[in-house]
Amino acid sequence: MPNESPDKRRKMESALNQLKKHTVVVADTGDFNAIDEYKPQDATTNPSLILAAAKMPAYQHLLDQAIKYGIAKGGTEEEQVANTMDKLFVSFGLEILKKVPGRVSTEVDARLSFDKDEMVARALRLIALYKEAGISEERVLIKLSSTWEGIQAGKELEEKHGVHCNMTLLFSFAQAVACAEAKVTLISPFVGRILDWHKENTERKSYEPHEDPGVVSVTKIYNYYKKFSYSTVVMGASFRNTGEVKALAGCDLLTISPGLLAELSQDHSTVAEMLNVEKAKACDLEKVHMDEKAFRWEHNEDRMAVEKLSDGIRKFAADAIKLETMIKEKMLNVKNGQ
């Protein structure tokens, strides 16, 4: 329709397509159908998403294959379950990589969040499984909790092993600075969970997108990274509404749930670029340094971040335990020939 004005064409274009012009859109899901539908660049998973997907009949074959692999590897029941879990996470990742042109994020068990060496060992096991399946480490991001130990594990994986890391459960500016100084590939600051905390712990129950505390936090982190030319990129995560997503248009990446991707694909309002390098360079921010003592103090001073980090680790750990229980039951059935 050559006679249509650019304004009218823009109105017809979905908010999702407009967003993709400013930001790399990532699907926050273990459900392949959602990935097919919204055509994201990358995809992220976590224990909660894998647990939800593993319960779906469509993905039972992946669970069955992982259990056979775990049993065949032998060892104690604990070792068989751990090997099954690793195989299951990688199997979902491999299926996702058939559908996205970019990378998949695969998470290390949250129960290892305070054990640097174990996080490194588990990450290398996951990467080895991807490599066995013909996938190079360039297409995988290893997700680690943004504890001090997790950040140091990320530093070691990047420096010594060339493994790219995605630091998750990130709520404080201290965490963001430590991640940048560790030169990890990517961070996932959690927007919606910050909003949840403020709604639960303050008098205020609603916010405009630009003043949403999660949006404000990610904007500051993005501006700090760009102002001081850090290589680490920012992927806003854990959104509660499309207003938060649109308020961060221009962020390096945004990982969005299928529900919100659906809303954005039906929304035809204008999406403007809110974050960019030029604006960031002009920001009035001072450079700071985070050694372990400074990190622990500064992070501890942020009550919201302390509570949400520990809560996030507990929730991911609880879902990992639920997944393990499911695996143990199925494993027993297989061994008993049922």
Side-chain angles (χ1 to χ4, degrees), residues 28 44-51 78-79 81-83 85-86 88-90 93 105-127 140-161 163-190 192-194 196-197 221 232 235 237-238 255 290-325:
D28 197 7
T44 55
T45 62
N46 63 43
S48 306
L49 294 171
I50 299 285
L51 175 65
E78 196 175 273
E79 287 167 339
V81 170
N83 284 323
M85 289 272 277
D86 286 347
L88 183 64
F89 277 48
V90 170
S105 289
T106 299
E107 189 145 347
V108 165
D109 194 325
R111 290 168 292 179
L112 303 175
S113 293
F114 302 100
D115 187 333
K116 176 181 84 82
D117 293 342
E118 273 301 311
M119 279 187 270
V120 170
R122 185 63 68 90
L124 293 175
R125 265 170 48 195
L126 292 168
I127 290 293
V140 182
L141 286 166
I142 293 294
K143 279 176 96 172
L144 301 161
S145 302
S146 298
T147 53
W148 178 256
E149 295 81 4
I151 295 166
Q152 299 319 302
K155 185 175 196 281
E156 186 172 316
L157 285 162
E158 299 266 3
E159 276 180 11
K160 292 187 181 173
H161 304 285
V163 171
H164 300 299
C165 296
N166 167 355
M167 304 309 300
T168 189
L169 294 174
L170 193 146
F171 303 96
S172 72
F173 188 63
Q175 288 174 298
V177 173
C179 287
E181 291 187 334
K183 297 184 177 172
V184 296
T185 298
L186 180 149
I187 62 165
S188 296
F190 278 27
R193 294 196 198 185
I194 294 177
D196 296 345
W197 188 91
I221 291 166
T232 303
M235 178 168 75
S238 148
T255 181
M290 287 289 156
D291 59 12
E292 184 175 353
K293 280 187 223 168
F295 171 86
R296 292 196 186 281
W297 178 256
E298 293 296 334
H299 180 72
N300 190 65
E301 285 290 278
D302 186 337
R303 185 183 141 210
M304 175 278 297
V306 170
E307 291 178 9
K308 293 312 287 182
L309 173 60
S310 58
D311 181 57
I313 290 171
R314 280 194 301 272
K315 282 182 174 157
F316 281 162
D319 282 341
I321 290 165
K322 284 179 195 164
L323 192 52
E324 277 185 352
T325 304

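The structure presented is a predicted model; accordingly, all values stated were derived computationally and were not measured. These values consider heavy atoms only, across backbone and side chains, with no hydrogens, waters or symmetry-generated copies. We count residues from 1, following the sequence as given.
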> NZ/K143 to OG/S105 distance, rounded to the nearest 0.5 angstrom?
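With rounding to 0.5 Å, NZ (K143) is 6.0 Å from OG (S105).
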> Before you tell me yes or no, could you show the steps for K315 and D311 under salt bridge (Lys or Arg N to Asp or Glu O under 4.0 Å), namely the whole-Å CA-CA distance, both residues' side-chain angles and the distance that decides it to 0.1 Å?
CA-CA 6 Å; K315 282 182 174 157; D311 181 57; 3.1 Å; yes
> Can you see which heavy atom on N166 is nearest to which on S188, and at what distance?
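Between these two residues, the closest heavy atoms are OD1-OG, 2.7 Å.
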> Mind listing the closest non-hydrogen atom pair of F316 and S48 along with its distance?
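Nearest pair, atom of F316 first, then S48: CD2-OG, 3.4 Å.
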> Show, in sequence, the C-alpha distance, side-chain angles and deciding distance for V140 and L126, and conclude whether the side-chain contact (heavy atoms from CB on, under 4.5 Å) test is met.
CA-CA 10 Å; V140 182; L126 292 168; over 6 Å; no
> Donor-acceptor check, side chain of S146 to backbone of T168, threshold 3.5 angstrom: yes or no?
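A pair under 3.5 Å: yes.
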> Rounded at 0.5 Å granularity, tell me how far CZ in R193 sits from CG in L309.
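These two atoms lie 10.5 Å from each other.
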> Test side-chain contact (heavy atoms from CB on, under 4.5 Å) on T185 and C165 and set out the steps.
CA-CA 5 Å; T185 298; C165 296; 5.7 Å; no
> Quick one: list whatever passes side chain to side chain contact (heavy atoms under 4.5 Å, CB included) with S145, sequence neighbours left out.
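For S145 the side chain to side chain contact (heavy atoms under 4.5 Å, CB included) partners, ignoring immediate neighbours, are S113, T147, L169, I313.
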> Between R111 and D109, does a salt bridge (Lys or Arg N to Asp or Glu O under 4.0 Å) hold up when you go through it step by step?
CA-CA 5 Å; R111 290 168 292 179; D109 194 325; 2.6 Å; yes
> By salt bridge (Lys or Arg N to Asp or Glu O under 4.0 Å), which residues pair with E307, not counting sequence neighbours?
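Salt bridge (Lys or Arg N to Asp or Glu O under 4.0 Å) check on E307 returns R303.
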> From I194 CD1 over to S238 OG, what is the distance, rounded to the nearest 0.5 angstrom?
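OG of S238 is found 8.0 Å from CD1 of I194.
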> What's the shortest heavy-atom distance between R122 and A82, and which atoms?
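Closest approach of R122 to A82, heavy atoms only: NH2-CB, 4.3 Å.
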> Take V306 and H299 through the side-chain contact (heavy atoms from CB on, under 4.5 Å) test and state the conclusion after the steps.
CA-CA 7 Å; V306 170; H299 180 72; 4.0 Å; yes
> For W148 and F295, take the angle between the two ring planes, folded into 0 to 90°, and tell me which bin it lands in: parallel under 30, tilted 30 to 60, perpendicular over 60.
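Taking F295 first and then W148, their aromatic rings sit tilted (interplane angle of 30° to 60°).
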> Test side-chain contact (heavy atoms from CB on, under 4.5 Å) on L112 and E149 and set out the steps.
CA-CA 9 Å; L112 303 175; E149 295 81 4; over 6 Å; no
> Measuring from L144:CG to I187:CD1, what's the distance to the nearest 0.5 Å?
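L144 atom CG to I187 atom CD1 measures 13.5 Å (nearest 0.5 Å).
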> Could you list the residues that satisfy side chain to side chain contact (heavy atoms under 4.5 Å, CB included) with L124, not counting sequence neighbours?
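Only V120, L157, H161, V163 meet the side chain to side chain contact (heavy atoms under 4.5 Å, CB included) criterion with L124.
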> Using the salt bridge (Lys or Arg N to Asp or Glu O under 4.0 Å) criterion, which residues pair with E298? Sequence neighbours excluded.
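For E298 there are no salt bridge (Lys or Arg N to Asp or Glu O under 4.0 Å) partners, ignoring immediate neighbours.
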> Show the numbers, then the answer: is there a salt bridge (Lys or Arg N to Asp or Glu O under 4.0 Å) between R296 and E292?
CA-CA 6 Å; R296 292 196 186 281; E292 184 175 353; 2.9 Å; yes
> Write down the atom of S172, the atom of D302, and the distance for their closest heavy-atom approach.
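Heavy-atom minimum between the residues: CB-OD2, 3.9 Å.
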> For a quick test of reading the model, state the closest non-hydrogen atom pair linking P47 to F89 and the distance between them.
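Residues P47 and F89, closest heavy atoms: CA-CZ, 3.9 Å.
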> Which residues pass the side chain to side chain contact (heavy atoms under 4.5 Å, CB included) test with A318, sequence neighbours left out?
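In terms of side chain to side chain contact (heavy atoms under 4.5 Å, CB included), with neighbours along the sequence ignored, A318 is linked to no residue.
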> Would you indicate whether K116, at its atom NZ, is surrounded by more than 12 heavy atoms from other residues, nucleotides or ligands within a distance under 6.0 Å?
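More than 12 heavy atoms, drawn from other residues, nucleotides or ligands, come within 6.0 Å of this atom.
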> Look up atom CD1 in I142 and atom OG1 in T106, then write down how far apart they are to the nearest 0.5 Å.
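Going from the CD1 atom of I142 to the OG1 atom of T106 covers 6.0 Å.
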> E158: which residues meet the salt bridge (Lys or Arg N to Asp or Glu O under 4.0 Å) condition with it, sequence neighbours left out?
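Once residues adjacent in sequence are excluded, E158 has no partner under the salt bridge (Lys or Arg N to Asp or Glu O under 4.0 Å) criterion.
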> What heavy-atom pair brings A237 and T255 nearest, and what distance separates the two atoms?
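Looking at all heavy atoms of both residues, the shortest contact is CB-CG2, 3.4 Å.
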> Would you give the length of the straight line joining atom CG of L141 to atom OG1 of T44, rounded to the nearest 0.5 angstrom?
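Answer rounded to 0.5 Å: 9.5 Å.
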